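Taking it in order: structure first as structure tokens, then the write-up.
Keep in mind that this is a model prediction, so the values were computed, not measured. Convention: sequence-line order gives letters A, B, ...; per-chain numbering from 1.
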Amino acid sequence: MLDLAYVREHLEEIEAMLRKRQTRFDLEPLRALDAERRKLVRELEEIRQQRNQISEQVARLKRAKETEGHARAEALMNESRRLGAEEIKPREDRLNHLDAAMEPLLLNLPNRPYASVPEGWSSEDNVEIKRWGEPRRFDFEPLAHWDLGLQLGILDLETAARLSGARFAVYRGAGARLERALANFMLDLHTRKHGYQEILPPALVNSAALRGTGQLPKFAGDLFKCEASDLWLIPTAEVPLTNLFAGQTLEAADLPRSVTAWTPCFRSEAGSYGKDVRGIIRQHQFQKVELVKISRPEDSYADLERLTLDAEAVLQALELPYRVMELCTADLGFSSAKTYDLEVWLPGQQAYREISSCSNCEDFQARRANIRYRAGGKGKSHYAHTLNGSGVAVGRAWIAVVENYQQADSSILIPEVLRPYMGMERITR
RNA sequence: GGAGGGAUGGGUGAGUGGUUGAAACCGGCGGUCUUGAAAACCGCUGUACGGGAAACCGUACCGGGGGUUCGAAUCCCUCUCCCUCCGCCA
């Protein structure tokens, strides 16, 4: 959520920002509601002051207990009654109405991109800023993961379809083990080498949490909701991890706070029909190791670099070629001010595909979730900055390992760092 | 699922419908004393918004929402959360 006062004073800038984001959003209703609201609040405060003064006089007269004061008190009470019914109540009702009308508008306004974010019209305009590793040269035709998974008996999409439908997977044997090995490796790396605290959060959260991180109200359609309760399946651990700090005022000296979690993620992916229909690139349920940092504003961009490197370290340790993309204004997520995507090389697709997305949301989520910090427990508190990134998507790392480490006989060589977790050097049929 | 209890400022915890933004204590800050520190004593110590150059003034806030009343932390309704007991259960 943007600061309403800021929006009020920088209408043209916000309009330009929305254009850069390719977002259609008419600010005029918000502006008009805000103007009326401010006028109303001022009137209301004035009238309430009158009423408070009258009540004070009534109290004084009642205490004096003089007979001639009684009539005066009666008159004052009548006047106060009139103020309440004719002047205050209608304005309060109108104010409630205005607040209710403004809230969804404000909550649907996306974050402002950071000044250096490249302008663009689509994901085509994202800027590659780094490339690591060299895509391997195969002396045979590399297979896609769905073929390898089927041949090796480690991925069973047919059974998954029977159990749950499209976009679900059953992993078997070494396939299931590989998923767990990847997650364990990532958690160990982030907790031991990168200073993150391991968290095991709920996979169901309430709507307030989702509003805090920005998924609600705008993206309800992308989520799975439990019937007859205000519980939703998390689309990413960013939601519970960031909301760990909701409503808190953190000690400035303790920042940045770094947390990580391995969770299942659930996405209905409404509107993704026809995209990545084969294999397990795009699933309704997948696992992800998530990284979240709560930072001081002056440090948040340095922390974003750190967090991105923490995610990159996973791919480097697995020796998977990747590139780092800076998202342009059009591709930037709703809550993000700046985002780096990590794209891993997939030989089966002959393409770099997203495996991590690392964002600085600045104070956008902090304002929604009320996450503050303060130095020494005194003085004014300020909104913190929130950062999140995948470190990394486990399901996609599974694909990357399987496709990049495939051998001519369709076996999968296990990357060195995973061998202790896998208890084997190679997956064979 | 059933029954009961609770939610007050940074913390603990008072609070009879009328100078209560809210006692007291703890914590924090400042001061006196001291070579220094502690102790003791004295004073100060919530947030948001609006107005103002400022001093300051105003409005709102005692879990959320609504109601009663001239006036609500205080009375009523409702929701949420927490605790205790019972039932069920991994």
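Residue A:D93 is the one, among A:N78 and A:D93, whose nearest nucleotide of RNA chain B lies closer to the 5' end (criterion: closest heavy atom).
At the heavy-atom level, A:N96 lies under 4.0 Å from the strands shown only through sugar-phosphate atoms. Backbone-only engagement by A:K89 is indicated by non-hydrogen atom pairs under 4.0 Å involving sugar-phosphate atoms exclusively.
Here the C1' atom of nucleotide B:U19 and the CG atom of A:L61 are 14 Å apart, to the nearest Å. Rounded to an integer number of Å, the gap from A:R211 CZ to B:G64 C1' is 13 Å. For the pair A:L40 CG and B:C49 C1', the computed distance is 14 Å after rounding to whole Å. Rounded to an integer number of Å, the gap from A:N370 CG to B:G63 C1' is 15 Å. The interatomic distance linking A:E79 (CD) with B:U69 (P) rounds to 17 Å, in whole Å. Residue A:I47 contributes atom CD1, which lies 18 Å from atom P of B:C70 at whole-angstrom precision. Regarding A:L83, its CG atom lies at a distance of 10 Å from the P atom of B:G71, rounded to whole Å. Put simply, CG on A:D230 is 15 Å from P on B:C79, counting in whole angstrom units.
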With the criterion being N/O to N/O and under 3.5 Å, what pairs connect the protein with nucleotides 56-59 of chain B, and how long is each?
from	atom 1	to	atom 2	distance (Å)
B:G58	N2	A:E45	OE1	3.2
B:U59	OP1	A:N52	ND2	3.1

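Taking only side-chain nitrogens and oxygens, A:R60 never comes nearer than 4.0 Å to OP1 or OP2 of B:U19. For B:U69, neither phosphate oxygen OP1 nor OP2 lies less than 4.0 angstrom from any side-chain nitrogen or oxygen of A:R81.
Across the P atoms, B:U34 and B:C25 are found 27 Å apart, a figure rounded to whole Å. B:G5 and B:C75 have their P atoms separated by 14 Å, with the value rounded to a whole Å. Distance noted for atom C1' between B:A23 and B:U74: 15 Å (whole Å). Separating the C1' atom of B:G18 from that of B:C26 is a span of 31 Å, rounded to the nearest Å. Remark: the separation of the P atoms in B:C62 and B:G11 is 16 Å, to the nearest Å. Separation of the P atoms belonging to B:A24 and B:U45 is 12 Å when rounded to the nearest angstrom. Comparing B:G4 with B:U8, their P atoms are spaced 23 Å from each other, to the whole Å. To the nearest whole angstrom, the two P atoms, one in B:G1 and one in B:G51, are 49 Å apart.
By the 4.0 Å N-to-carboxylate-O rule, A:R91 lies close enough to A:E87 to be salt-bridged with it. Between A:R48 and A:E43 there is no salt bridge, since no side-chain N of the basic residue sits under 4.0 Å from a carboxylate O of the acidic one. A salt bridge does not link A:D303 to A:K293: none of the charged side-chain nitrogens sits closer than 4.0 Å to a carboxylate oxygen. Taking the charged nitrogens against the carboxylate oxygens, A:E362 and A:R112 have no contact shorter than 4.0 Å, which rules out a salt bridge.
In summary, the aromatic rings of A:Y114 and A:Y301 are positioned with their centroids under 6.0 Å apart. Taking the centre of each ring, A:Y171 and A:W398 come in below the 6.0 Å mark. The six-membered or imidazole ring of A:F266 lies away from that of A:F286, with a centre-to-centre distance of 6.0 Å or more.
Enclosure of atom CD in A:E28 by more than 12 non-hydrogen atoms of other residues, nucleotides or ligands within 6.0 angstrom is indicated. In the displayed structure, A:R372 atom CZ is contacted under 6.0 Å by more than 12 heavy atoms of other residues, nucleotides or ligands. The environment of A:E319 atom CD is sparse: at most 12 non-hydrogen atoms of other residues, nucleotides or ligands sit within 6.0 angstrom.
Considering only side-chain atoms of A:R38, the nucleotide from B:G50, B:C70, B:G18 that sits closest is B:G50.
Base pairing in RNA chain B yields stems of at least 3 consecutive Watson-Crick or G-U pairs, both distances under 3.5 Å, namely B:1-7 with B:80-86, B:10-12 with B:24-26, B:27-32 with B:40-45, B:46-51 with B:56-61, B:63-67 with B:75-79.
Just one of A:R353, A:E312, A:E343 meets the side chain to side chain donor-acceptor pair (under 3.5 Å) condition when paired with A:Y322; it is A:E312.
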